[in-house]
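Working notes for the structure below.
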Amino acid sequence: MAKKNFLSVVIPTLNEEEYLPNLLSSLVSQTVKDFEVIVSEGKSIDKTREKANEFKDKLDIKIHNSDKRHLAYQRNFGAKKAKGNYLFFLDADFSLEKDFIEKVYKFLEKKEADFLVPYGHPDRNAFLKAYFVLMNVSSNASRFIFRKPITTVSAAVIKTDLFHRLGGYDELVKFAEDQEILQRAHKNKAKIKYFNFGKVIFSIRRIEKEGFKYFYKNLFAQIHILFLGKINKDFIKHQMGGHEFLKPKS
């Protein structure tokens, strides 16, 4: 029987052999070890699965083969395999501070929450680090300005029973499914808390590749979701998979 705040870390993967080991290493280094890891593997053609298997003696990790290459689907698929009272969704190119999960457990012991919204921090680049500090503060302020929450990173800690009541991630959403499920949780009167006590660190690989387009499409998505609702048409091109960001080998 899982304890009250037991976490299931759910990671969708697609050709992430370069980045996944960094995330899993950060999970190995956690000061609290009481969590499971679910890798929802999307038919990678590189060594993603082999890299994940290298951590079987270091983590309580299970690798499940998804029959679809689709981010929302893979998250939902992984959630169905999870045993935790809370689901912690991470992307394969993320990493955590070593005491992040310990801080989550301590937070949940003191405060009742259905949905934790972490702050996102880039892994490098002084300008982007400063920019995301501002964005994190702004996302928290959105609750008071727009009466709606906003997140700056796709990571989320969601109570399992709430996640299933919501029907999981909407697989018909074309972009910003992380923002969309947050809005649905808000509409369903979920207890949403911003969690600024630890860092979810993300790779800036997409920003480096897309440049200004990255900021434009995310701003567009936030405005659309806040005022018009979910994005269910292909307004924005957004591809999943580590292979999209690999630099050509010389």
Side-chain angles (χ1 to χ4, degrees), residues 9 11-27 29-30 71 75 88-101 103-104 115-146 148-157 174-183 192-226 231 235-248:
V9 180
I11 308 167
T13 57
L14 174 59
N15 300 326
E16 293 287 359
E17 66 173 334
E18 181 177 344
Y19 291 92
L20 182 62
N22 186 49
L23 169 56
L24 296 180
S25 293
S26 77
L27 291 173
S29 299
Q30 290 299 300
L71 189 57
R75 286 176 178 158
F88 185 12
F89 293 97
L90 292 171
D91 291 347
D93 62 345
F94 290 177
S95 63
L96 302 175
E97 290 184 317
K98 66 180 181 180
D99 58 349
F100 189 94
I101 291 179
K103 288 177 177 177
V104 168
F115 198 125
L116 292 187
V117 181
Y119 283 4
H121 297 269
D123 59 354
R124 58 190 184 280
N125 189 298
F127 169 77
L128 289 176
K129 287 182 179 181
Y131 171 81
F132 273 92
V133 167
L134 178 61
M135 291 303 296
N136 287 326
V137 173
S138 299
S139 70
N140 199 330
S142 69
R143 296 177 296 165
F144 310 105
I145 298 172
F146 301 112
K148 293 181 179 180
I150 295 175
T151 180
T152 61
V153 67
S154 58
V157 177
K174 302 298 183 181
F175 184 68
E177 69 290 330
D178 50 326
Q179 300 282 4
E180 191 277 333
I181 194 172
L182 178 58
Q183 299 309 318
I192 298 170
K193 304 289 185 181
Y194 279 80
F195 185 76
N196 61 348
F197 303 103
K199 291 183 179 180
V200 173
I201 303 163
F202 63 90
S203 167
I204 64 170
R205 60 183 184 171
R206 188 179 291 276
I207 301 176
E208 289 179 326
K209 180 176 180 180
E210 297 183 349
F212 179 76
K213 179 183 176 183
Y214 171 89
F215 299 99
Y216 162 76
K217 72 181 187 180
N218 281 280
L219 177 60
F220 173 85
Q222 287 189 348
I223 292 172
H224 194 288
I225 289 171
L226 283 173
I231 301 172
F235 297 126
I236 302 172
K237 183 180 180 182
H238 186 80
Q239 293 178 306
M240 173 191 174
H243 60 293
E244 295 293 329
F245 307 98
L246 293 177
K247 295 178 181 179

Heavy-atom closest contact ([X] atom, [Y] atom, distance):
X	Y	value
Asn218	Phe175	OD1-CZ, 4.0 Å
Leu182	Val117	CD1-CG2, 3.9 Å
Leu116	Phe195	CD1-CD1, 4.3 Å
Thr151	Gln222	O-NE2, 3.7 Å
Ala155	Phe88	CB-CE1, 4.4 Å
Val153	Pro118	CG1-O, 3.7 Å

Discussion item. So for atom NZ, which belongs to Lys199, do other residues, nucleotides or ligands contribute more than 12 heavy atoms lying within a distance under 6.0 Å?
Written reply: no
Worksheet item: What do you reckon, is NZ of Lys98 surrounded by more than 12 foreign heavy atoms closer than 6.0 Å?
Response: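 Open.
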Contact between [X] and [Y] at the side-chain level, heavy atoms closer than 4.5 Å - yes or no?
X	Y	answer
Phe89	Ile181	no
Ser154	Phe202	no
Leu23	Asp93	no
Asn140	Tyr119	yes
Leu96	Val200	yes

Expected output: side-chain [X] to main-chain [Y] donor-acceptor under 3.5 Å:
X	Y	answer
Ser29	Ser26	no
Gln179	Pro149	no
Gln30	Phe100	yes
Asn136	Gly120	yes

Can you measure from [atom1] ([X]) to [atom2] ([Y]) and round to the nearest 0.5 angstrom?
X	Y	atom1	atom2	value
Arg124	Ile204	CZ	CD1	4.0 Å
Arg206	Lys213	CZ	NZ	9.5 Å
Ser203	Glu16	OG	CD	9.0 Å
Ile150	Asp178	CD1	CG	11.5 Å
Asp123	Lys129	CG	NZ	7.5 Å

Item to complete: Please identify each residue that fulfils side-chain hydrogen bond (donor to acceptor under 3.5 Å, both in side chains) with Tyr194, with sequence neighbours left out.
Response: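 In terms of side-chain hydrogen bond (donor to acceptor under 3.5 Å, both in side chains), with neighbours along the sequence ignored, Tyr194 is linked to no residue.
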Practice prompt. Take Ile207 and Asn125 through the test side-chain contact (heavy atoms from CB on, under 4.5 Å) and record every step on the way to the result.
Written response: CA-CA 11 Å; Ile207 301 176; Asn125 189 298; over 6 Å; no
Discussion item. Is there a side-chain contact (heavy atoms from CB on, under 4.5 Å) between Asp91 and Arg75? Walk through the geometry before answering.
Written reply: CA-CA 10 Å; Asp91 291 347; Arg75 286 176 178 158; 2.9 Å; yes
Fill in: Partner of Ser95 by side chain to side chain contact (heavy atoms under 4.5 Å, CB included), out of Leu24, Asn22, Leu27
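For Ser95, the side chain to side chain contact (heavy atoms under 4.5 Å, CB included) check succeeds only for Asn22.
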Worksheet item: When Phe215 is tested against each of Tyr131, Phe132, Phe127, Phe220 for ring-ring contact (aromatic ring centres under 6.0 Å, His included), which residue passes?
Response: Tyr131
Worksheet item: Mind checking whether Phe212 and Tyr216 have parallel, tilted or perpendicular rings, split at 30° and 60°?
Response: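 It falls in the parallel class, under 30°.
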